Amino acid sequence: MSDEMARMSRRQWLGTSASLMVASSLVPRTEVAAGEPGDAGLIVRELSPPNFEMPFSTLNSFVTPSDQMYVRCHFPVPQIKPESFSLKIEGRVKSPFTIGIAELKKLSSTTVTTVMECAGNGRVSLVPKVRGVAWDLGAVGNVTWTGVPLSLILERAGIEQTATEVLLEGADSGAINDDPKSPGEIRFDRSIPVAKATKDVILAYQMNGLDLTPAHGFPLRAIVPGWYGMASVKWLTRVVVLDQAYQGYFQSLDYAYFDRTLSAPSLTSLTTMQVKAQIAQPNRFERIKQSTKVRVHGAAWSGDSPIAKVEFSDDGSVWHATTLLGPDIPNAWRLWEYPWTSPDKTGPMRLAVRATDKAGNTQPLTRSIDRRTYMINHVVPIDIQIV
Ligand SMILES: Nc1nc2c(c(=O)[nH]1)N[C@H]1C(S)=C(S)[C@@H](COP(=O)(O)O)O[C@H]1N2
Ligand SMILES: [Mo]
């Protein structure tokens, strides 16, 4: 191929040539491919809107590099120009106001490292198969976020005494097509109680020391530490203080589970991440030689309290304490390892881990269907082969 032809086909491939309009309309171009650093090596679960997960077996750092952080989008990624961006604070407040990104960056900031897990992480292990993106182990990451405490913003607006919830609204919208109870065209939004909003939520404009990337919420997103990812609203453009319970789609139908503590099971919004440990290595279906030293390692987290212990088992009955590694930071994950020696006979084996947090929560061995397609933290062993 001549240089000219190569350039030509590349231009067409990128969709800048009118002659390729037909072909490029077959598959909508994935927004994150344009001008965004990385997302290299992520597993594509859905191309458009982008839903990508980290291959969890590649875990090798406490902080997840930005280009290895999973991407979960319900709608196309809104392309927001920082100059025209503004955040509105309104509702049950004394002085509603609007603030731009440059002004936000001048306010006193905070930096936190938190684990974020999608409530559907691990869904691929549910049998029979359920609705929703078929995440394996990689819809989770541990990222350092910088931004303004939401409490500071709410203080400035002066929340009224009757306020109970704070609604976080994203700029993205679309139709829900695969849900029989679909409300049609909607925005992505989520409310959180005032107590949580004023405790530790931040409005982040940086991840791992750089501006957010478009897929991760540029220019501004909420970070709700300890909660499943759905509460950390991306492309945040409006904060509305409410005095009644919000019943939006993403908290009453989607991202809700059946709570039985009130006797009859009632649909309740998902909040706190359940205690969980995952094995990064060995990899699922790996073939390992007999009588070989293997470093079994992975990560563990809980939205409730720090990790107290992670136990490892290669027979499903005896559980061995693993070594917890690295920093122990509130709301971050904890890395762990176990020096294992494979047995001296060949055949299939199952390896499992089980985490317990300092509040005494332990991973269950079985799954309750009340959790619907979320909060997947029961022990799921990985199968390997000794050769
Ligand atoms: N505006 C908006 N915010 C959103 C979402 C979305 O689709 N739109 N997805 C949520 C879900 S379900 C998760 S798990 C996290 C994922 O964040 P990430 O894509 O930066 O990893 O974003 C949350 N915030
Ligand atoms: Mo999610």
Side-chain angles (χ1 to χ4, degrees), residues 14 29-42 48-54 61-89 97-118 139-153 156 168-173 187-190 200-225 227 229-239 329 331-332:
L14 292 171
R29 201 169 90 193
T30 307
E31 301 84 349
V32 283
E36 205 166 302
D39 302 312
L42 294 186
S48 195
N51 282 289
F52 306 158
E53 75 173 282
M54 174 197 176
S61 56
F62 174 66
V63 172
T64 306
S66 300
D67 67 358
Q68 292 300 296
M69 180 60 175
Y70 78 95
V71 173
R72 173 57 178 125
C73 296
H74 292 78
F75 307 124
V77 172
Q79 303 295 325
I80 300 177
K81 293 206 173 65
E83 323 72 86
S84 51
F85 169 87
S86 69
L87 174 72
K88 273 199 191 101
I89 293 89
F97 66 97
T98 298
I99 186 166
I101 198 75
E103 247 184 297
L104 264 169
K105 285 185 174 174
K106 285 187 206 136
L107 301 178
S108 70
S109 69
T110 175
T111 296
V112 295
T113 300
T114 63
V115 58
M116 184 175 353
E117 184 191 16
C118 183
V140 60
N142 193 52
V143 168
T144 302
W145 309 97
T146 301
V148 180
L150 177 55
S151 59
L152 211 130
I153 299 291
R156 180 161 155 189
L168 307 170
E169 189 182 272
D172 52 332
S173 63
R187 269 180 201 288
F188 189 90
D189 60 13
R190 251 271 173 174
D200 56 3
V201 174
I202 70 168
L203 307 188
Y205 46 77
Q206 280 190 347
M207 69 189 290
N208 295 335
L210 295 173
D211 280 353
L212 298 176
T213 61
H216 291 294
F218 181 83
L220 190 71
R221 73 175 302 169
I223 292 296
V224 182
W227 284 32
M230 78 275 130
S232 295
V233 175
K234 303 191 275 189
W235 313 291
L236 184 71
T237 45
R238 213 159 71 102
V239 171
I329 298 174
N331 297 309

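None of these values were measured; they are calculated from a predicted model.
Counting only heavy atoms from C-beta outward, the side chains of Thr113 and Asn142 approach each other to under 4.5 Å. You'll find the side chain of Thr64 stays beyond 4.5 Å of the side chain of Tyr70, heavy atoms only. At least one side-chain heavy atom of Ile153 sits under 4.5 Å from a side-chain heavy atom of Leu203. Side-chain atoms of Leu107 and Ile99, non-hydrogen and from C-beta on, do get closer than 4.5 Å to each other. Between His216 and Val71, the closest side-chain pair of non-hydrogen atoms falls below 4.5 Å. The closest side-chain heavy-atom distance from Met54 to Met69 is not below 4.5 Å. The shortest distance between side-chain heavy atoms of Phe62 and Ile329 falls below 4.5 Å. Side-chain contact between Val140 and Val115 is present, with at least one heavy-atom pair separated by less than 4.5 Å.
Residues passing the side chain to side chain donor-acceptor pair (under 3.5 Å) test with Ser232, sequence neighbours excluded: none. For Asp200, the side chain to side chain donor-acceptor pair (under 3.5 Å) partners two or more places apart in sequence, or in a different chain, are Lys196. Every residue two or more places apart in sequence or in another chain that forms a ring-ring contact (aromatic ring centres under 6.0 Å, His included) with Phe188 is listed here: His74, Phe250. A search for side chain to side chain donor-acceptor pair (under 3.5 Å) contacts involving Lys105 returns Asp211, not counting sequence neighbours. With sequence neighbours left out, Thr237 forms a side-chain contact (heavy atoms from CB on, under 4.5 Å) with Phe85, Ala171. Residues satisfying the side chain to side chain donor-acceptor pair (under 3.5 Å) test with Arg238, not counting sequence neighbours, are Glu90, Glu169.
Side-chain atoms of Trp145 do not come within 3.5 Å of backbone N or O of Thr110 as any donor-acceptor pair. The main-chain N or O of Gly229 is never found under 3.5 Å from a side-chain atom of Arg72 such that the two would form a donor-acceptor pair. Checked by atom type and distance alone, the side chain of Asn208 pairs as donor or acceptor with a backbone atom of Thr144 at under 3.5 Å. A side-chain donor-acceptor contact under 3.5 Å links Lys234 to the backbone of Ala215. Listed for the Asp172 side chain is no donor-acceptor partner under 3.5 Å among the backbone atoms of Trp235. Counting only distance, with no hydrogens or angles, the side chain of Ser61 and the backbone of Val63 share a donor-acceptor pair below 3.5 Å.
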Item to check | From CA spacing to verdict: side-chain contact (heavy atoms from CB on, under 4.5 Å), Thr114, Ile223 | outcome: CA-CA 9 Å; Thr114 63; Ile223 292 296; 3.9 Å; yes

Checklist entry - Does the side-chain contact (heavy atoms from CB on, under 4.5 Å) test come out yes or no for Val233 and Asp189, once each step is laid out? => result CA-CA 7 Å; Val233 175; Asp189 60 13; 5.8 Å; no

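Atom CZ of residue Phe218 and atom NZ of residue Lys81 lie 11.0 Å apart, to the nearest 0.5 angstrom. In this structure, OG1 in Thr111 is found 13.5 Å from CE in Met207, a value given to the nearest 0.5 Å. Atom CD of residue Glu53 and atom CG of residue Leu42 lie 9.0 Å apart, to the nearest 0.5 angstrom. In this structure, OG on Ser86 lies 10.0 Å from CD on Glu103, to the nearest 0.5 angstrom.
The shortest non-hydrogen separation linking Pro76 to Ser173 is CD-O, 4.2 Å. Across all non-hydrogen atoms, the minimal contact from Pro214 to Gln79 is CB-OE1, 4.5 Å. Scanning all heavy atoms of the two residues, the minimum distance from Leu212 to Gln206 falls at CD2-C, 3.9 Å. For the residue pair Gly147 and Ile202, the shortest heavy atom distance occurs at N-CD1, 4.0 Å. In terms of heavy-atom proximity, Leu104 sits nearest to Val148 at O-CG2, 3.4 Å. Residues Cys73 and Val77 come closest through the heavy atom pair SG-CG2, 4.0 Å.
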